[in-house]
Amino acid sequence: MNTDIDVISFFIVDLFLFTNLKNENMKQSLYILVLLLINVTYSSGQKYFTKNGHVSFYSDTPLEKIEANNKSSNCVLDLTTGKLEFAVLIKGFQFERALMQEHFNENYLESSKFPKASFKGQIDNYTKIDVSKNGKSTVKVSGDLTLHGITKKLTTDAVIEVKDGKIDADATFNIKVADFNIAIPSLVNDKIAKSVKVKVDATLDVLK
Amino acid sequence: MKKFLPYILVVALGGGFIGYYMYNKPHNETKGATSDIIISPADLLKAYETDEAAADVAYLDKILEVEGIVKSINTLDQGSSLSLDAGSEMSAITCEFEAADALAAVKMGDKVKIKGFCTGKLMDIVLVRCSM
């Protein structure tokens, strides 16, 4: 639809310019300007993107609270199809304790073997997201989460907020450590929760 | 058995100290550390675009030193980041800083030299725990 209007408006502009080469008429210049503006506004894309999405996870046990943060998640949202994807580099998760970060990378997630985690999903009722005005909507996202080389289905609620042309996407969900073949040694078994809370918070801009 | 008691105590205490140190050991930092590899943003991107698996083996967890032009600056809810121009529209080198005010004096277009741990490539190549 975008390309059709681009082509038509360019054709009309060219036709006008060609048939009125000698004419310095102000009215025609205005007409051409209006067509070009229509061209420009219809060109705005429906894909939203960020390279600085914030992904964090929390493990809460009576013995220990663990938190890790990653601030370079890539997130893409295509409003034409409702597709939502995010990817994150495992080695980018920062922990307060260096030893925990080392165990996380070397032993639990084996990040040299599996450097990335990703989610490829679909927003169920994406057509209700209206980017022309500020507002919040709660949507359901379903898809595949790939972590530690294992892919599992994931469904979660997400809050999509449109704010001044940007989209803020927030989601919180739980994942079971065992589901992804993550082996926690018995020595620290009680320090790491069986179910870990994951939070995604990304502000996406229009992809030009 | 009593004869060995002092020796056993020394070993136990020693072990205790080592354990305590390891438990609380500080993060590896890039500030003041020697870089493992000095490479230009464009060369780093080329290496990853040619063979990502080989580039991971060569660069992951290493301290890379890159010098380049600042393409964008972001203050995040935790820390800050900037991206260096690697000669591509799609991909750049993202450098994450732990402090939110680390980039207070940096502007777009500045030429900067940054050291950081390489964590791999999504669209950008991401360096973390960076310092200038």
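These numbers come from a predicted model, not from an experiment. To find a chain, count down the sequence lines: A is the first, B the second, and so on, and within it residues start at 1.
- Residue-environment remark: NZ (A/K152) exceeds the threshold of 12 foreign heavy atoms within 6.0 Å.
- The shortest side-chain heavy-atom distance between B/L122 and A/K116 falls under the 4.5 Å cut-off.
- Summarising the geometry, atom OG belonging to B/S81 is positioned 10.5 Å from atom NZ belonging to A/K51; distances are rounded to the nearest 0.5 Å.
- Scanning both residues, B/H27 and A/F95, for their nearest heavy atoms gives NE2-O, 2.6 Å.
- Of the listed residues B/T94, B/V57, B/L76, the one with more heavy-atom pairs under 4.5 angstrom with chain A than any other is B/L76.
- Scanning residues 40-50 of chain B against chain A with a 4.5 Å heavy-atom cutoff picks out nothing at all.
- How far CD of B/E98 is from CG of A/N69: 9.0 Å, rounded to the nearest 0.5 Å.
- Comparing A/S111, A/S118, A/A98 by how many heavy-atom pairs each has under 4.5 Å with chain B, the most go to A/A98.
- Heavy-atom distances place the backbone of A/E96, and not its side chain, under 4.5 Å from chain B.
- In this structure, CG in B/N74 is found 10.5 Å from OG1 in A/T203, a value given to the nearest 0.5 Å.
- Summarising the geometry, atom CD belonging to A/Q94 is positioned 9.0 Å from atom OG1 belonging to B/T119; distances are rounded to the nearest 0.5 Å.
- Most heavy-atom pairs under 4.5 Å with chain B, from the set A/S112, A/S72, A/G92: that is A/S72.
- There is no contact between B/E89 and chain A, counting heavy-atom distances below 4.5 Å.
- Within 6.0 Å of NZ on A/K128 lie more than 12 heavy atoms contributed by other residues, nucleotides or ligands.
- Within a 6.0 Å radius of CG in B/L9, more than 12 heavy atoms belonging to other residues, nucleotides or ligands are found.
- For chain B, the nearby parts of A/K71 are the backbone and the side chain; heavy atoms of each come within less than 4.5 Å.
- Here A/L99 is the residue among A/V88, A/L99, A/I90 with the most heavy-atom pairs under 4.5 Å with chain B.
- Considering all non-hydrogen atoms of both residues, B/K121 and A/L89 come closest at N-CD2, 3.8 Å.
- Going from atom CZ of A/R97 over to atom NZ of B/K25 covers 11.5 Å, rounded to the nearest 0.5 Å.
- For a residue to count as touching a neighbouring chain, one of its non-hydrogen atoms must lie under 4.5 Å from one of that chain's; by this rule B/Y21 does not touch chain A.
- Atom NZ of A/K197 sits in a sparse spot, with 12 or fewer heavy atoms from other residues, nucleotides or ligands closer than 6.0 Å.
- For chain B, the nearby part of A/F49 is the side chain; its heavy atoms alone come within less than 4.5 Å.
- Applying a 4.5 Å heavy-atom cutoff, the residues of residues 124-132 of chain B that approach chain A are B/D124, B/V126, B/V128, B/R129.
- Remark: B/Q78 CD to A/N70 CG distance equals 10.5 Å, nearest 0.5 Å.
- Neither the backbone nor the side chain of B/N28 comes within less than 4.5 Å of any heavy atom of chain A.
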